[in-house]
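Note that these values count all heavy atoms, side chains included, but never hydrogens, waters or copies made by symmetry.
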Amino acid sequence: MSQAQLNSPKSWLVFGFAILAYISAISQRTSFGVAGIQATERFDASAQILATFSVVQLVVYAGAQVPVGLLLDKFGPRILITCGALLMAAGQAFLAISVNVPMGLAGRVMVGMGDAMVFVSVLKLLPLWFSGSRIPVLTQLTGTFGQLGQLISLFPFHMILLGVGWSAAFSIMSGFAFATFITTIAFVRNGKNWNGHGAGEQETGSRISQAWKQPGTRLGFWTHFSTAFMINTFMMTWGYPFLVEGQGIDGALASGLMAVFVVVAIVLGPILGALTARHASQRSNIALSIVGSILALWAAVLLWPGQAPLWILVLLMVVIAAGGPASVIGFDFARTFNPPRVLGTATGLVNTGGFIGAFVTIYVIGFIMDMLHKANGSVGELYNLPAFRVALSFQFVMALLGMAFMVIERRKARRFLAEQ
């Protein structure tokens, strides 16, 4: 593709409709997070079973990233975004008619598979349609605009869920995903610069190995792990129950607080994009400082005597939300350390980080909540503030693990660059 075709009006058209598919993917992913209380009633579920819905989806999402990356390098982003939208539409439609846990889990598996195909495919489109310093900024904007999907799940979806019911709410989400399936077919293209690569079994293994051997890929993985797992844990499962049942605030106010995530992403995303473009050597320090801020606010909220005041909960929302734009820094490490032929694979590897961290954390939190409830003789409320204080503290273990590996891989990456 000529330079004249890069950064053209058509580039922005393709990017716009790819972003629409990603907005849909985020709304499908987070829709179950605000339906947790209704799911507990519909499926007569314990905390562990509720956590299992998100864990299964995240396991599928994370497990699919490497195969998706390989398919992306071979077939290109248009096909994968199209397939992803169709899978999410089918999954949400199945969830709408689900009346027991196995049916519900099957629906979330399809949503997880479809969701896994979208984000890395949108990132793969960027160097095919844009050039230069626009790419790191647009990478951040992809994550930023995608968070608008959270607004869809927090407000219209949640209102329909409360007002009309489970089946109608998830059917409408299925329709939204199917609409992006149509728009992707109509408007998204790989571009003339696309040149797919064949991938036999031996080459598949070598691509994964080549991408993972790059210290920048591993640094990107642990950066994504450390910055993203807490926002995924909060948005996908435990945030809404913690605010409503643990902090005793109204459901509408809880949704409003969680909407802060979108505002922060819109404001902070472009800023971090510009910073990573101009100060590449400070990318890991930016990510580490944001993780440290999240831990500091979580400590303040969990140690607060009684229910925390609203202002500190707002601050908690702000710093957790900052983990979303910060996680995109991980993809910038993958982009700058890997050749184009394995970039899709490297991006997929990085993208597993925050989701592996999330599904471990979500499940362990549910396990701790159930154990505390049983230790109390299974009397009283399953979700209560003392139990949340203990269970949510597991996040500190995961965050410290991720930060330690970030520092280790950063040293290796800097040594690699010095040798080059």
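No side-chain donor-acceptor contact under 3.5 Å links Ser31 and Ser153. Judged by distance alone, the side chains of Gln150 and Gln147 do bring a donor and an acceptor atom under 3.5 Å apart. In this model, no donor atom of one side chain and acceptor atom of the other lie less than 3.5 Å apart for Thr276 and Arg283.
Judged by distance alone, with hydrogens and angles left aside, the side-chain atoms of Ser11 form a donor-acceptor pair with the main-chain N or O of Ser8 at under 3.5 Å. In this structure, the side chain of Asn351 does not engage the main chain of Thr347 through any donor-acceptor pair within 3.5 Å. For the pair Thr223 (side chain) and Gly330 (backbone), a donor-acceptor distance under 3.5 Å is absent. Arg207 contributes no side-chain N or O that, together with a main-chain N or O of Val342, makes up a donor-acceptor pair within less than 3.5 Å. Formation of a donor-acceptor pair under 3.5 Å by the Gln28 side chain with backbone atoms of Met173 is found in this model. Side-chain atoms of Ser131 never come within 3.5 Å of backbone atoms of Pro127 as a donor-acceptor pair (strictly under, hydrogens ignored). With hydrogens and angles ignored, the 3.5 Å screen pairs no side-chain donor or acceptor of Thr30 with any backbone N or O of Met236. A donor-acceptor pair under 3.5 Å is formed between the side chain of Asp370 and the backbone N or O of Gln48. At least one donor-acceptor pair closer than 3.5 Å links the side chain of Asp73 to the backbone N or O of Thr345. Judged by distance alone, the side chain of Arg78 and the main-chain N or O of Ile185 form a donor-acceptor pair under 3.5 Å.
Interatomic distance, CG of Leu141 versus CD1 of Ile266, reported as 10.5 Å (0.5 Å rounding). The distance from the CG atom of Leu105 to the CZ atom of Phe94 is 10.5 Å, given to the nearest 0.5 Å.
Taking the six-membered ring for Trp and the full ring otherwise, Phe331 and Phe119 have centroids separated by under 6.0 Å. The ring of Phe157 has its center closer than 6.0 angstrom to the ring center of Phe170. When ring centroids are compared, Tyr240 and Phe234 stay outside the 6.0 Å threshold. A ring-centre distance under 6.0 Å is not found for Trp222 and Phe333. The aromatic ring centres of His224 and Phe229 sit 6.0 Å or more apart. If you look at Trp298 and Phe388, their ring centroids are not closer than 6.0 Å.
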**OP:** Would you please test Asp332 and Thr139 for side chain to side chain donor-acceptor pair (under 3.5 Å) and show each step?
**Re:** CA-CA 8 Å; Asp332 206 47; Thr139 300; 5.5 Å; no

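No more than 12 heavy-atom neighbours from other residues, nucleotides or ligands sit within 6.0 angstrom of CG on Asp44. Counting non-hydrogen atoms of neighbouring residues, nucleotides and ligands closer than 6.0 angstrom, the CZ atom of Phe181 exceeds 12 such neighbours. Within a 6.0 Å radius of CE in Met159, no more than 12 heavy atoms belonging to other residues, nucleotides or ligands are found. Residue-environment remark: CZ (Phe367) stays at or below the threshold of 12 foreign heavy atoms within 6.0 Å. Other residues, nucleotides and ligands place no more than 12 heavy atoms under 6.0 Å from the CZ atom of Phe178.
Each of Phe130, Trp129, Phe17 was compared with Trp12 under the ring-ring contact (aromatic ring centres under 6.0 Å, His included) criterion, and only Phe130 meets it.
Taking the side chain as every heavy atom from C-beta outward, Trp212 and Leu349 approach each other to under 4.5 Å.
In this structure, Leu72 and Gly344 approach most closely via the heavy-atom pair CD2-CA, 4.2 Å.
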